[in-house]
Amino acid sequence: MSSLSRLHASVLVGGGSVLRSMFSTWYNTLITLVLLFLAYKAVPPLAGWLVFDAVWSSPSAQACRMAGGACWAFIREKVRFILFGFFPYAEQWRPFVAVLLLIGLVFVSANRRYWKPWLLGLWPLAIAAVLAVMGGGFAGMTSVPTAQWGGLPLTLLLAVVGSAFAFPLGTLLALGRTSDMPLIRSLCIGYIEFVRGVPLITVLFMASVMLPLFMPAGIEIDAVLRALVGMTLFVAAYFAEVIRGGLLAMPKGQFEAVHALGLGYWAGMRLVVLPQVLRISVPPLTNTLIGLIKDSSLVAIIGLVDLLGASKRSLSDPEWLGFYREAYVFVAFIYFVICFSVSRYSRSIEAQLSARQNH
Amino acid sequence: MKVFLATLLVTTALCSAAEAGETLDRIKARGSLVCGVSEGIAGFSAPDSTGKWAGMDVDFCHALSAAVLGDADKVTFKALTAQNRFTALQSGEVDVLSRVTTYTLTRDTALGLDFGAILFYDGQGFMVPAKLNITSAKELDGATVCMQTGTTNELNVADFFRSIGKPFSPLAIEDVNELNNAFFSSGRCDVYTGDTSGLAAWRSSLAKSKEDYVILPELISKEPLAAAVRHGDQQFGDIVRWVGFALIEAEEKGISQANADEMKTSADPTVQALLGVSPGNGKALGLDEAWALNVVKAVGNYGEIFERNVGAKTPLGLQRGTNALWNKGGLIYAPPAR
């Protein structure tokens, strides 16, 4: 930490001291030279591929194959498929609206000014609106089964709705695990440890391959729902551990104060303990959330076409075979934008909260 | 785990053998056919830029839907991996599997499937970089061989190298793009094995120059590709089989998408029976008498499907070869539809 802050300080002081710190000792000099050499080797070809030799628009794949660089024309051709998957082409404004709604919901919820009781009411409303605009079947919108939902809206839906359900569930599990009641405590411990003991991919695999075998023929649980429930139950266990960490970090005096004030368990938790716990849990919760966003790509296992799945499927069009690098770079960029904004947001909220604590 | 899963699959397969007529009734009640296709195999089943499925397997689904429901577009496509395709069929998640699936004894019996008409004759072969100067697969010694997991290819390769008594190291990858990368770009393997149709397609679309790679003459397996249904529902099995045969028969008799209606006036009794002018076939199958007419009007005959999806004018550029009609030097043959 101290060396990090020193580096930070030296950056603030000016470029001169950065240079000095890069060559301060013989091994720092060596590391600097090796890194410079690697950058010299890697950056020009990479920049050439990404930008200078790239084909930005081309009616066919042939011209793209001739060029040495990336074929961004492929992305232009496939962007709607990658973003919205198999959703009927003519009605893709609907998943677009759904994405805007989800992002808007997250933005509103992210702003501390709106942390009011009505926000809790906004969530079910907004999620219902998203489901309605995706599913359709009214007001002139054709009904689109969940099997055709895909791309970015599906990824966001799984992450946002999954965390929305997992968060309260995780809080309850954490309270249960720290509870005095032995039955509840052991149930919660059993659940959390079981879920944390299996990888998400196993949960999804069980849901996709094993579950149908035990169902009577023809009865089928919606695949999106299967994934959503699986991910919610899975992430809830991780949220629970994060929140339990926060509970353990609470000074004992806080709990004693609750008792002294004569507040009951739930009132004390709601008014005194949990607000403080959630505050200190923001960084690890964000961490889990970012994990959830990226893990949502595992739903490809049960045949869902999320952002990554759609980009993979876009690769098999016979007219545009073989542009997988472009597709993966493009999706990686989208994932990066999402996850990086989440992590920047968590940094800013941490700063705000610690400022409040320190004054 | 694999053994356990396989046992479970087999037991369930035996327990849940479909009843005759059940599938057809379900499709009619639902108003759509659920067709299991691949997640994306160029020329067979792959989504285009607007998310519409296209390919030979996809066209067969449309044909089946036209025959059963009278409308070629009442198909719900379900993308399946090589691993979960049979479970999906067994559990009833899909009505029919039209997904480059090789017809084998085990699948026909122990896995509880029934196969339709063979609509593509493929075979597993080897592709090597031309600069290795190899002309026969028998010269491969200690080679690293790239192949896709979950297919019959893995077993065939092991059998082949055991039979010629040479060592090899397999490199099995599930994702086809990663697989292509391993062979064409990173050179992690010396040899690429797979069905020759696929090899040819990848070579024409991924190689800088087609001459850089050679496909060796040996074919180490027979890969007859056919649609599969659940064993036990003979009626639906018959329908799937005869829709395939009807496509072939239509090509043989010169019935195409464009001239299907005119051909109804043909004097040829076989054509009359096929197109339902002289009734009987439809009733026997439990379908409308115009079933085959609907099929050809919707997707064309076998030759048209082949040329549209994988033929010489497509990026895959396959020749008819073994997939030409029997009277033109190929293996495609249909029993008489009467």
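Keep in mind that this is a model prediction, so the values were computed, not measured.
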Across all chains, not counting sequence neighbours, the salt bridge (charged side-chain N to carboxylate O under 4.0 Å, His left out) partners of Arg203(B) are none
Please list, one pair per line, the donor and acceptor atoms closer than 3.5 Å that link side chains of residues 324-333 of chain A to other protein atoms, with sequence neighbours excluded.
unit_1    : atom_1 : unit_2    : atom_2 : d
Tyr324(A) : OH     : Asn181(B) : OD1    : 2.9
Arg325(A) : NH2    : Ser185(B) : OG     : 3.4
Glu326(A) : OE2    : Cys71(A)  : N      : 2.8

Check: Phe81(A) and Asp48(B) side chains under 4.5 Å, non-hydrogen atoms: no
Cut-off 4.5 Å, heavy atoms of chain A, and the answer for Thr50(B) is both
CD of Glu193(A): more than 12 outside heavy atoms within 6.0 angstrom?
yes
Give a yes or no on this: more than 12 heavy atoms of other residues, nucleotides or ligands lie within 6.0 Å of atom OH of Tyr191(A). yes
Assert top hit (heavy-atom pairs under 4.5 Å, partner chain A, pool Asp175(B), Leu80(B), Thr76(B)) equals Asp175(B)
Pair count under 4.5 Å, heavy atoms only, with chain A: among Ser38(B), Ala46(B), Pro47(B), highest is Pro47(B)
Looking only at Ala88(B), Ala54(B), Gly40(B), the option with the highest number of non-hydrogen pairs under 4.5 Å against chain A is Gly40(B)
Contact list (residues 312-320 of chain A to chain B, heavy-atom gap under 4.5 Å, by number) returns Lys312(A), Arg313(A), Leu315(A), Ser316(A), Asp317(A), Pro318(A), Glu319(A)
Arg30(B), CZ: over 12 other non-hydrogen atoms inside 6.0 angstrom: yes
When the 4.5 angstrom heavy-atom criterion is applied to Thr314(B) and chain A, the contacting part is neither
Checking heavy-atom separations under 4.5 Å from chain A, one finds in residues 302-313 of chain B none
